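First the structure, in the form of structure tokens, and then the observations on it.
Since the structure is predicted, the reported quantities are computational estimates derived from the model, not experimental observations. Starting from 1, each residue takes its place in the sequence as its number.
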Amino acid sequence: MCTQIRAPRTWTPSQCYLKAPSKTVSESKKTHSLSPEKKEIFKTLEGWVSESVLPLAKPVEECWQPHDLLPNSTLPSDEFIDQVKELRDRTAELPDDYLAVLVGDMVTEEALPTYQSWLNGLEGVGDDVGASNNPWTIWIRSWTAEENRHGDLLKTYLYLSGRVDMHMVEKTIQYLIGAGMDIGTGSNPYKTFVYASFQERATFLSDGSMARLAKERGDPVLAQICGTIAADEKRHEIAYERIVEKLLEVDPTETMTAISEIMSNNITMPGHLMHDGQDPHLFSHFSAVAQRIGVYTVSDYVESLEFLIGRWRLEKLEGLTSEGRRAQELVCGYAPKIRRLQERADERVRKMKPKFSWLFNKEMSL
């Protein structure tokens, strides 16, 4: 049975509505290196990665490319212009709050250089060469290559729509890449793969919601775009969940402790330092709109936690030390505690009236 615990210090949409981060997540925390024995665990799993993870990355020749889902620029100019006009006619019906979330999602995707640098620095699995043939690093590069298409596709679509201030959008991307991120995992691969499992699931759910809303608003092409991206995110989610499941098998206590630390300390979104040079609370405002229109909510956050706890069968996990059992008891109590925060989150959202430079500073009443 789960022990009773105080509300965990996890990231939830409600916390993003208070203020933008003023300091890094892991500030003042000491970084601990993996022991040689722990690094050896990842070394012994290289063959398993080749067999069980790498197949989840699609060969380039089987992948969609952004141009496949956009107006065909190789057509004669009048036909291309007609396709762009059709795109603009569809996006004219999209509400501003939807566009604000779509831009925020795209900006987060465009900070990909930060994410690959983070993964390349992981102990035991990172790439200190740049083109290593280690199965772990092959996965990292394959994941990056697939993710790179998402930002390209969304950015071009928004550019062609004429609905957003691309100058401010591009400034936001530059600010975010320049700011980097600190999500509290350091160079620890156990924590990183737990975090990635949660984050990929969150992105899958968010993109799926964006696809549904676009279809409801009469833009089936944008619905297809968001749905296509969501399918990629689902494959990536499965890959990271599979890695954590294997780590629970070969090193249950270390992995269980990592799950507890990630879920209880701070699941911070990768775009948490998002800034446009004007709004110091930009990420909080973006998150609030996403909550308001149902793209990603406290309920989605809790359901993701519950899904992963069930997916990894954490409540029934055996072979743990006393430390691992304590972590296990803590983890199974997180979701009910967070669910009770939803009403407060909704109340904070209703009080906000953000303006987005991306949308020419239009005020949005939530």
Would you find more than 12 non-hydrogen atoms of other residues, nucleotides or ligands less than 6.0 Å from E216 atom CD? yes
What distance separates D276 CG from Q174 CD, expressed to the nearest 0.5 Å? 13.0 Å
Begin from the C-alpha positions of N134 and E46 and carry the test side chain to side chain donor-acceptor pair (under 3.5 Å) through to its verdict. CA-CA 7 Å; N134 182 298; E46 290 178 1; 2.7 Å; yes
Working to the nearest 0.5 angstrom, can you tell me the gap between L176 CG and T114 OG1? 6.5 Å
Would the number of heavy atoms belonging to other residues, nucleotides or ligands and lying under 6.0 Å from CD of E170 be above 12? yes
Could you tell me whether the side chain of S142 and the main chain of A57 form a donor-acceptor pair under 3.5 Å? no
For G294 versus R212, what's the shortest heavy-atom pair and its separation? O-NH2, 3.8 Å
Side-chain (E241) to main-chain (L308) donor-acceptor, under 3.5 angstrom: no
When rounded to the nearest 0.5 angstrom, what distance separates CH2 in W139 from OG in S52? 12.0 Å
Going by atom type alone, with no hydrogens or angles, which donor-acceptor pairs under 3.5 Å involve a side-chain atom of residues 217-230 and a protein atom two or more places apart or on another chain?
{"unit_1": "D219", "atom_1": "OD1", "unit_2": "R90", "atom_2": "NE", "d": "3.0"}
{"unit_1": "D219", "atom_1": "OD1", "unit_2": "Y157", "atom_2": "OH", "d": "3.3"}
{"unit_1": "D219", "atom_1": "OD1", "unit_2": "V221", "atom_2": "N", "d": "3.4"}
{"unit_1": "D219", "atom_1": "OD1", "unit_2": "L222", "atom_2": "N", "d": "3.0"}
{"unit_1": "D219", "atom_1": "OD2", "unit_2": "Y157", "atom_2": "OH", "d": "2.7"}
{"unit_1": "T228", "atom_1": "OG1", "unit_2": "Q224", "atom_2": "O", "d": "2.7"}

Verify, without hydrogens or angle tests, whether S197 (side chain) and Y240 (backbone) share a donor-acceptor contact under 3.5 angstrom. yes
Distance (rounded to the nearest 0.5 Å) between Y334 OH and S264 OG: 3.5 Å
Taking distance alone, no hydrogens or angles, what donor-acceptor pairs closer than 3.5 Å link side-chain atoms of residues 98-110 to residues at least two apart or in another chain?
{"unit_1": "Y98", "atom_1": "OH", "unit_2": "M210", "atom_2": "O", "d": "2.9"}
{"unit_1": "T108", "atom_1": "OG1", "unit_2": "G104", "atom_2": "O", "d": "2.9"}

Donor-acceptor contact below 3.5 Å, side chain R88 vs main chain L160: yes
Close side-chain approach of K38 and E123, heavy atoms under 4.5 Å: no
Sidechain-backbone polar pair: R149 side chain, Q65 backbone, donor-acceptor under 3.5 Å: no
Atom pair CD/CD1 of E245 and I238 - distance to nearest 0.5 Å: 11.5 Å
Please confirm whether the backbone N or O of K191 pairs with a side-chain atom of E261, one donor and one acceptor, at under 3.5 Å? no
Under the side-chain hydrogen bond (donor to acceptor under 3.5 Å, both in side chains) test against D232, which residue among K234, H236, R235 passes? R235
Residues forming a ring-ring contact (aromatic ring centres under 6.0 Å, His included) with W312, sequence neighbours excluded: none
Measure the shortest side-chain to side-chain distance between W118 and T185 over non-hydrogen atoms and say whether it is less than 4.5 angstrom. yes
Between V289 and P354, the two heavy atoms sitting closest are CG2-CG, 4.2 Å
Any non-hydrogen side-chain atom of D96 less than 4.5 Å from a side-chain atom of F356? no
By salt bridge (charged side-chain N to carboxylate O under 4.0 Å, His left out), E249 pairs with (sequence neighbours left out) K246
Surrounding CZ of F80 (heavy atoms of other residues, nucleotides or ligands, distance under 6.0 Å), is the total greater than 12? yes
In the structure I gave you, are the side-chain heavy atoms of F193 and L247 within less than 4.5 Å of one another anywhere? yes
Going by heavy atoms in the side chains, are I140 and N120 under 4.5 Å from each other? yes
Could you tell me whether the side chain of Q328 and the main chain of L317 form a donor-acceptor pair under 3.5 Å? yes
For M269 against I183, the heavy-atom pair lying closest together: O-CG2, 4.4 Å
Quick one: does any side-chain atom of T137 pair with a main-chain N or O of S132 as donor and acceptor, under 3.5 Å? yes
With side chains defined as the heavy atoms from C-beta onward, is the minimum distance between S304 and F204 less than 4.5 Å? no
Might you work through the ring-ring contact (aromatic ring centres under 6.0 Å, His included) test for F198 and Y301, ending with a clear yes or no? CA-CA 9 Å; F198 183 94; Y301 179 89; 5.1 Å; yes
Would you say V250 and T255 make side-chain contact, with heavy atoms under 4.5 Å? no
L153 vs L70, side-chain contact (heavy atoms from CB on, under 4.5 Å): CA-CA, chis, key distance, verdict: CA-CA 8 Å; L153 174 56; L70 293 165; 3.7 Å; yes
With side chain to side chain donor-acceptor pair (under 3.5 Å) as the criterion, how do E200 and W143 come out once you've worked through the C-alpha distance, each side chain's angles and the decisive distance to 0.1 Å? CA-CA 11 Å; E200 292 290 353; W143 173 86; 2.8 Å; yes
Are there over 12 heavy-atom neighbours, none belonging to E79, within less than 6.0 Å of that residue's CD? yes
Exam field: side chain R163 to backbone L94, donor-acceptor pair closer than 3.5 Å: yes
Under the rule for salt bridge (charged side-chain N to carboxylate O under 4.0 Å, His left out), what residues qualify as partners of R325, not counting sequence neighbours? none
Under a 3.5 Å cutoff, is there a donor and acceptor pairing between the side chains of T321 and E323? no
Just by distance, do the side chain of T192 and the backbone of P189 share a donor-acceptor pair under 3.5 Å? no
Not counting sequence neighbours, list each pair that qualifies as a ring-ring contact (aromatic ring centres under 6.0 Å, His included) and has a residue in residues 166-191. F42-Y190, Y175-H275
Find the distance between OG (S357) and NZ (K362) and round it off to the nearest 0.5 Å. 13.0 Å
